[in-house]
Amino acid sequence: MKDIKRKAKELSLKNKLFFFALLFLMAALSYSPSFFNKLCYDDVDLIIRNPHVQNRDFAEIFGNDLFHITRGESPYYRPLIPALFALEVMLWKDNWAMFHLDNFLFHLVTVILLYKLVKRIFQNSRHRKGIFEIDRETAQNPRKLFFWAMASSAFFAFHPANSQTVYWLSARGDLFVTIGILSGCLAIGLKKPYSFAVTTIAFAFVMLCKETGLLFLPIVSVYYFLFLRKQISLKKALTHAALFIPVILVYIFVRINVISVSPFTPVDESFWTQKDGLMTLYLTIPSIWGYYLLRTVFPFFLNFETGINLFYSFLDLQTILGFAAVSVTITAFYIFRNSKLFLWAFLVFLICLLPVLNFIPAFESGMEHYLYLPLTGASVLIPFLFLRRKALTAIFLILLLSFCAAVFFRGKAWKDNVSLFSDSAAKTGEKCRQGWIRSRNNLGTAYINLAIEGIEEEENLKKADSLYSLILDRFPNYGGAYIGKGDVFFISEEYLKALENYSAALKIYPSNYFLMNKLGVTYSLIDSFTGAKAMFIKAMEINSDYYDAAVNLSKVYFIEGNYDKASVLISGARETPSTSLLIKALKISIEAERGRIPEGGSRDEIVTAIEILDEAKLFREKLMLAEYLFERFPSDSDALYNAAIGCLSDLGDIERGHSKLMEGTQMFPGDARFLREIAVYHILAGDSQNAAYYFGKVLQLDPSHPEAGRMRDFIKSYSRR
């Protein structure tokens, strides 16, 4: 008895803090690459391109689906995720390291909650001997319980499959759902009046973070029936359940009024489509189960995309391993069905994976971040096997260190989109249709974004185009590749080819208003304003809040001379990151058309307005703005040059233009453009001597000028006279 009491002595708070500090430090080192990484994939749409997040428009965030403002209608209602992003934008601006730090800290919160839950599970398990049982001596030994709970927390904290959830900001929903469910399990065991409020708030929290928050109900129920029935009365448990009903009803009401797309609506990237047949889908389920089981016990081949392919043969290695995994699972369940510890780990793992096992066809099948919540169950069981024997403890520590290394090196793949999807494309075979298509399509998009930033534009556009062509060779009905090719041609200013590809994509996505806007912009660039207006109007009919189309339509009306319609549309449009510049430029253009010089305005806004006035052939108004721009920014040589050219070319005011050119040579003596135009002015005036003189000065400033050869020829021909 004395021996038991001696062993049962609690660790000091100082020692406990030491072990927690060591765990957090190791986790921080493992995830340190994330603090240097950029935003990847969905992060860009959810944060940078989302005007509701950038403007902290919480009413719009809670009143719309997740991607409506950046991609079109989606089946996802997760308002708390962009709402928190909005707060982070306010605090951190574009300091992405702080966003990644927040994700890491949320991961640590999950680790702490799991520690507390595992400790309670061990204390509430049957006290008897067995492989998955806690004996009485262990249950009364706080030291051993502490280290076993710490081992479970460390296994979860360092597990490489969780790296996708932590490195990828868009997977924050999995973090929050896990935090909410663990909090609910801990709260329902409290013998305090406020436990009702905590469980209800936790349930509402997870429902607003991700649809899988609904798993809160079965997981908390399993926890109650396995570990709390003797401590918490059924009446109290039913009271908790009754409080969940209003949350469910309010959620359903809001969701029905916000979401119009079913989560089971197939798209051309879906893991399974109807033409594949239900039998194929159901024969693939063992492979999906095997995929997640393998990622749990051997998480070292990490890939952003799923590695699963649909069933095609019983001799396929993936199928064989899948059925073997199911057989092992059934056998283990039969043998250990009376162990509460095993049942908890098994049921949590199974319940949490049900949404992606595809019993009911869904869009996805296998991604690592879907393992985040199931691993809270596995993390109770697996370390327990190692720590029961001292000889295996050293192996467990080595396993944890290998986990840390895997997480660290995985961080390099998450550096940016090119790194992430290059890695994914290299690891995903063509048999895995969904992952094969998406990895290459996303890699093409990453190359396009580099080209837009001016980084090796021609080379990156070629890489993107070859990827889209490869996809269309294998899957000619995949609309995303047509959009990608359209973007390549658009950036290359091959607008007719861009139209051809966008139109092909629209046949596949007939209600995609983002695509209609792309078509409208392309039509306007080839002066086909009838086609442009038709596309913009159709996009607005589908989504009246899509202000990009409204602003672009306003610009078309203005160019056509329908200033009243343009003014009405632009006055009702809301500023977003993608529309702000054009809205302000159009307002300046409308004022200029009315003969009024605008008050204020940034340089970019005025320059854009000058371009709009040029397209509308309002040359006097264009000159007025160019002169106003130079007045506002007298060190801007472009403004004075454009004003001079406006006088010469648009208005035919030769003397006024010449005067501005001479002013330019005095104010900007190193700018060869003014000298070149003066030389042309003298040619038109029949003064070859002065023309040759000014061409000579151009060559002195810029010997490699694009027209240097012609200038030298002119000078030589003049000198021979």
(request) Please report the C-alpha distance between Tyr502 and Asp487 in whole Å, then the side-chain angles of each, then the deciding distance to 0.1 Å, and finally whether the side-chain hydrogen bond (donor to acceptor under 3.5 Å, both in side chains) criterion is met. (result) CA-CA 8 Å; Tyr502 288 151; Asp487 290 341; 2.5 Å; yes
(message) One pair to check against side-chain contact (heavy atoms from CB on, under 4.5 Å): Leu302 and Gln164. What are the steps and the verdict?
(response) CA-CA 9 Å; Leu302 302 176; Gln164 187 178 94; over 6 Å; no
(request) Go through the steps for Phe421 and Phe304 under the test ring pair (Phe, Tyr, Trp, His ring centres under 6.0 Å), then give the verdict. (result) CA-CA 8 Å; Phe421 292 115; Phe304 175 79; 5.5 Å; yes
(request) Go through Lys93 and Asn95 one step at a time and tell me if the side-chain contact (heavy atoms from CB on, under 4.5 Å) criterion holds. (result) CA-CA 6 Å; Lys93 308 300 182 190; Asn95 185 351; 5.8 Å; no
(request) Decide yes or no on side-chain contact (heavy atoms from CB on, under 4.5 Å) for Ile448 and Asn460, but give the supporting numbers first. (result) CA-CA 6 Å; Ile448 284 178; Asn460 281 315; over 6 Å; no
(request) Apply ring pair (Phe, Tyr, Trp, His ring centres under 6.0 Å) to Tyr292 and Tyr370, showing your working. (result) CA-CA 9 Å; Tyr292 285 112; Tyr370 295 140; 7.0 Å; no
(request) Take Asn309 and Trp436 through the side-chain hydrogen bond (donor to acceptor under 3.5 Å, both in side chains) test and state the conclusion after the steps. (result) CA-CA 10 Å; Asn309 55 264; Trp436 189 90; over 6 Å; no
(message) Run the ring pair (Phe, Tyr, Trp, His ring centres under 6.0 Å) test on Tyr523 and Phe529 for me, step by step, so that the C-alpha distance in whole Å, both residues' side-chain angles and the decisive distance to 0.1 Å come before the verdict.
(response) CA-CA 6 Å; Tyr523 274 124; Phe529 296 125; over 10 Å; no
(request) Starting from the C-alpha separation in whole Å, work towards a yes-or-no answer on side-chain contact (heavy atoms from CB on, under 4.5 Å) for Leu46 and Phe85. (result) CA-CA 8 Å; Leu46 289 178; Phe85 286 146; 4.2 Å; yes
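Proximity of Thr445 to Tyr468: side-chain heavy atoms (C-beta onward) are separated by under 4.5 Å at one or more points. Between Lys584 and Asp604 the shortest side-chain heavy-atom distance does not fall below 4.5 Å. Residues Ile526 and Leu496 meet the side-chain proximity criterion, which asks for heavy atoms closer than 4.5 Å. Residues Ile483 and Lys518 meet the side-chain proximity criterion, which asks for heavy atoms closer than 4.5 Å. Side-chain contact check for Phe99 versus Ser34: every heavy-atom pair is 4.5 Å or farther apart. Between Phe536 and Val521 the shortest side-chain heavy-atom distance falls below 4.5 Å. Using a 4.5 Å heavy-atom cutoff, the side chains of Asp416 and Asn37 are not in contact. Counting heavy atoms from C-beta on, the side chains of Asn552 and Leu582 come closer than 4.5 Å.
Rounding to the nearest 0.5 Å gives a distance of 5.5 Å between CD1 of Ile259 and OG of Ser74. Interatomic distance, CG of Asn543 versus CG of Asn517, reported as 11.0 Å (0.5 Å rounding). With rounding to the nearest 0.5 Å, the separation of OH in Tyr482 from CG in Leu515 is 13.0 Å. Going from atom NZ of Lys415 over to atom OG of Ser422 covers 11.5 Å, rounded to the nearest 0.5 Å. Taking CD of Glu457 as the reference point, atom OG of Ser492 lies at 7.0 Å (rounded to 0.5 Å). Atom OG of residue Ser554 and atom CG of residue Leu569 lie 5.5 Å apart, to the nearest 0.5 angstrom.
The minimum heavy-atom distance between Thr319 and Ser287, with the atom names listed, is CA-OG, 3.6 Å. Nearest heavy-atom pair, Ile508 versus Asn477, reported as atom, atom and distance to 0.1 Å: CD1-O, 3.4 Å. Contact record, Arg433 with Phe271: NH2-O, 3.1 Å, taken as the closest heavy-atom pair. Met207 and Leu214 make their closest contact through SD-N, 3.5 Å (heavy atoms, listed as atom of the first residue, atom of the second, distance). The two residues Tyr372 and Asp174 make their nearest non-hydrogen contact at CD2-O, 3.7 Å. The minimum heavy-atom distance between Gly213 and Phe203, with the atom names listed, is O-CE1, 4.2 Å.
A donor-acceptor pair shorter than 3.5 Å cannot be found between the side chains of Asn50 and Thr70. A donor atom on one side chain and an acceptor atom on the other are not found under 3.5 Å apart for Asp564 and Tyr557. In this structure, a donor-acceptor pair under 3.5 Å is present between the side chains of Ser424 and Asn303. Side-chain contact check for Asp102 and Trp92: at least one donor-acceptor pair (N or O, by modelled atom type) lies under 3.5 Å. No donor-acceptor contact under 3.5 angstrom links the side chains of His68 and Tyr513, judged on distance only.
Ring centers of Phe244 and Phe216: under 6.0 Å apart, within the cut-off. Checked against a 6.0 Å centroid threshold, the rings of Tyr495 and Phe490 count as neighbours. Here the two rings, on Phe176 and Phe205, have centers that are under 6.0 Å apart. Taking the six-membered ring for Trp and the full ring otherwise, the centers of Tyr282 and Phe311 sit at least 6.0 Å from each other.
Between the Asn257 side chain and the Phe253 main chain, a donor and an acceptor come within less than 3.5 Å of each other. Judged purely by atom type and a 3.5 angstrom limit, Thr284 uses its side chain to pair as donor or acceptor with the backbone of Thr280. A donor-acceptor contact shorter than 3.5 Å is absent between the side chain of Arg295 and the backbone of Ala161. Without hydrogens or angle criteria, Trp414 side chain to Leu39 main chain gives no donor-acceptor distance under 3.5 Å.
Under 4.0 Å is where a charged nitrogen must lie from a carboxylate oxygen, and between Lys462 and Glu458 at least one such pair does. Between Arg78 and Glu211, at least one side-chain nitrogen of the basic residue sits less than 4.0 Å from a carboxylate oxygen of the acidic one, meeting the salt-bridge criterion.
With sequence neighbours left out, the salt bridge (Lys or Arg N to Asp or Glu O under 4.0 Å) criterion links Glu456 to no other residue. With sequence neighbours left out, Lys427 forms a salt bridge (Lys or Arg N to Asp or Glu O under 4.0 Å) with Asp423. For Lys497, the side chain to side chain donor-acceptor pair (under 3.5 Å) criterion is met by Glu494, not counting sequence neighbours. A search for salt bridge (Lys or Arg N to Asp or Glu O under 4.0 Å) contacts involving Glu305 returns Arg438, not counting sequence neighbours.
The salt bridge (Lys or Arg N to Asp or Glu O under 4.0 Å) contacts involving residues 526-535 comprise Lys533-Glu560, where partners must be two or more places apart or lie in separate chains. Sorted by first and then second residue, the salt bridge (Lys or Arg N to Asp or Glu O under 4.0 Å) pairs involving residues 476-486 (not counting sequence neighbours) are Asp465-Lys485.
With respect to Tyr77, the side-chain contact (heavy atoms from CB on, under 4.5 Å) criterion is satisfied by exactly one of Leu208, Asn64, Asp65: Leu208.
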